[in-house]
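Right, one structure below, let's go through it.
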Number of protein chains: 2
Amino acid sequence: MPPNKKMKAARTEIGLTQAELAHIVDVTRQTIGLIESGKYNPSLNLCIAICRALGKTLDELFWPDNAIYEE
Amino acid sequence: MPPNKKMKAARTEIGLTQAELAHIVDVTRQTIGLIESGKYNPSLNLCIAICRALGKTLDELFWPDNAIYEE
DNA sequence: ACATTATGCAACATATATATTACAATAAAG
DNA sequence: CTTTATTGTAATATATATGTTGCATAATGT
């Protein structure tokens, strides 16, 4: 999986750190970091929780159709 | 998790059986059945594969638009 | 420079998604 | 009514998401 730049962008736009987002959605900061770096295949429930915390939808953060996979 | 009626509707509209959809997305029919009945929390990659097989997006099949939320 | 915060990463442990197999229960069709 | 296809469900096994701990590195600020 490619890095999730949209998720990272949405998080930093709100001014949240990985640890803060992790606390909101009740996972560890490592999990958030690994999702952002594309090394995890997160569960649907976690994706939904992240979307709600960041004010976005699944398509906006996790739908890969418009992604240009760089590195 | 509630039953995923939207996923089941999208599948039957296309005329696919659980076993056929399962074969397309490379899981077992039990997995499809359990996702539709709301007893599984599927991975993001599987959700995306299901969406592509059914011609829908994540928001259309997996966004709980009518869910009530609390913390 | 130093201190502090944020992120990356690695090893091991645990929880859970998914596979496998099998059988029961409906639905559909003849 | 009988047969077949489709779906529900359950037990056990495996793969992997996630937790836990710890340390390293990169920013950021003082």
Side-chain angles (χ1 to χ4, degrees), chain A residues 1-65 67-71, chain B residues 1-65 67-71:
Chain A
M1 312 176 68
N4 193 328
K5 297 184 174 182
K6 290 179 287 187
M7 174 176 158
K8 182 169 191 172
R11 173 177 61 81
T12 55
E13 275 179 18
I14 294 187
L16 283 181
T17 175
Q18 287 185 352
E20 290 168 336
L21 174 58
H23 180 256
I24 293 174
V25 301
D26 198 31
V27 294
T28 61
R29 69 169 184 82
Q30 284 81 354
T31 296
I32 298 297
L34 290 166
I35 293 172
E36 285 188 357
S37 61
K39 293 166 185 168
Y40 266 177
N41 177 21
S43 69
L44 175 61
N45 282 346
L46 178 51
C47 291
I48 291 171
I50 291 170
C51 285
R52 294 206 135 109
L54 300 181
K56 301 286 184 179
T57 71
L58 287 170
D59 286 353
E60 288 172 329
L61 292 190
F62 295 105
W63 185 252
D65 55 356
I68 293 102
Y69 295 169
E70 63 258 75
E71 188 216 351
Chain B
M1 314 176 68
N4 194 327
K5 297 181 176 181
K6 291 179 286 188
M7 175 176 157
K8 182 168 191 172
R11 173 177 62 80
T12 55
E13 274 180 18
I14 295 186
L16 284 181
T17 175
Q18 286 185 353
E20 290 168 336
L21 174 58
H23 180 256
I24 293 174
V25 301
D26 198 30
V27 294
T28 62
R29 71 166 183 84
Q30 284 81 354
T31 296
I32 298 297
L34 289 167
I35 293 171
E36 285 187 357
S37 60
K39 293 167 184 168
Y40 266 178
N41 177 20
S43 70
L44 175 61
N45 283 345
L46 179 50
C47 290
I48 291 171
I50 291 170
C51 285
R52 292 199 151 124
L54 300 181
K56 300 286 184 179
T57 70
L58 287 171
D59 285 354
E60 288 172 329
L61 292 190
F62 295 104
W63 186 252
D65 43 10
I68 287 123
Y69 238 58
E70 59 218 81
E71 176 77 14

Requested in this report: With DNA chain C as reference, determine whether B:Asp26 or A:Ser37 sits nearer its 5' end, using the nearest nucleotide of each.
Outcome: A:Ser37

Report task. Round to a whole Å and report the spacing from CG of B:Asn45 to P of D:dT16. Result -> 12 Å

Report task. Could you check whether A:Leu34 gets within reach of a base, just the sugar-phosphate, or nothing at all, counting any heavy atom under 4.0 Å? Result -> nothing

Query raised in the report: Is any side-chain nitrogen or oxygen of B:Thr17 closer than 4.0 Å to OP1 or OP2 of D:dT6?
Result: no

Query raised in the report: Atom CD1 in B:Ile50, atom NZ in B:Lys56: separation rounded to 0.5 Å?
Result: 14.5 Å

Query - Between P of C:dT20 and NE2 of B:His23, the distance in whole Å - result: 12 Å

Query - Shortest non-hydrogen contact from A:Leu16 toward A:Arg11 - result: O-NH1, 3.0 Å

Query raised in the report: Would you call A:Leu61 and A:Cys47 a side-chain contact if the rule is heavy atoms closer than 4.5 Å?
Result: no

Query raised in the report: Taking C-beta and beyond as the side chain, do A:Ile35 and B:Leu44 meet within less than 4.5 Å on heavy atoms?
Result: no

Report summary line: A:Gln18 CD to D:dA26 P, in whole Å, measures 16 Å

Report summary line: All heavy atoms of B:Trp63 vs all of B:Lys6, minimum pair found to be O-NZ, 2.9 Å

Query - 5' priority, DNA chain D, between B:Thr12 and B:Ser43 [closest heavy atom] - result: B:Thr12

What side-chain donor-acceptor pairs closer than 3.5 Å can you find for residues 18-26 of chain B, not counting sequence neighbours?
residue: B:Gln18; atom: NE2; partner: B:Glu36; partner atom: OE1; Å: 3.1
residue: B:Glu20; atom: OE1; partner: B:Thr17; partner atom: N; Å: 2.9

Report task. Write down the distance between CD1 (A:Ile32) and P (D:dG19), rounded to a whole number of angstrom. Result -> 9 Å

Query raised in the report: Whole-Å distance between D:dA15 P and B:Asn41 CG?
Result: 21 Å

Query raised in the report: C:dT7 P sits how many Å from A:Leu21 CG, rounded?
Result: 10 Å

Report task. Specify the separation, in whole Å, of atom NZ of A:Lys39 and atom C1' of C:dC9. Result -> 7 Å

Please list, for nucleotides 22-27 of chain C, all pairs of protein and nucleotide N/O atoms separated by less than 3.5 Å.
residue: C:dA22; atom: N6; partner: B:Gln30; partner atom: NE2; Å: 3.0

Requested in this report: Find the distance A:Glu20:CD to C:dT5:P and express it as a whole number of Å.
Outcome: 12 Å

Query raised in the report: Looking only at heavy atoms, which two atoms of A:Thr12 and A:Ala9 are closest? And how far apart?
Result: OG1-O, 3.1 Å

Query raised in the report: Want to settle it: does B:Glu36 or A:Ile35 sit nearer the 5' end of DNA chain D, counting the closest nucleotide to each?
Result: B:Glu36

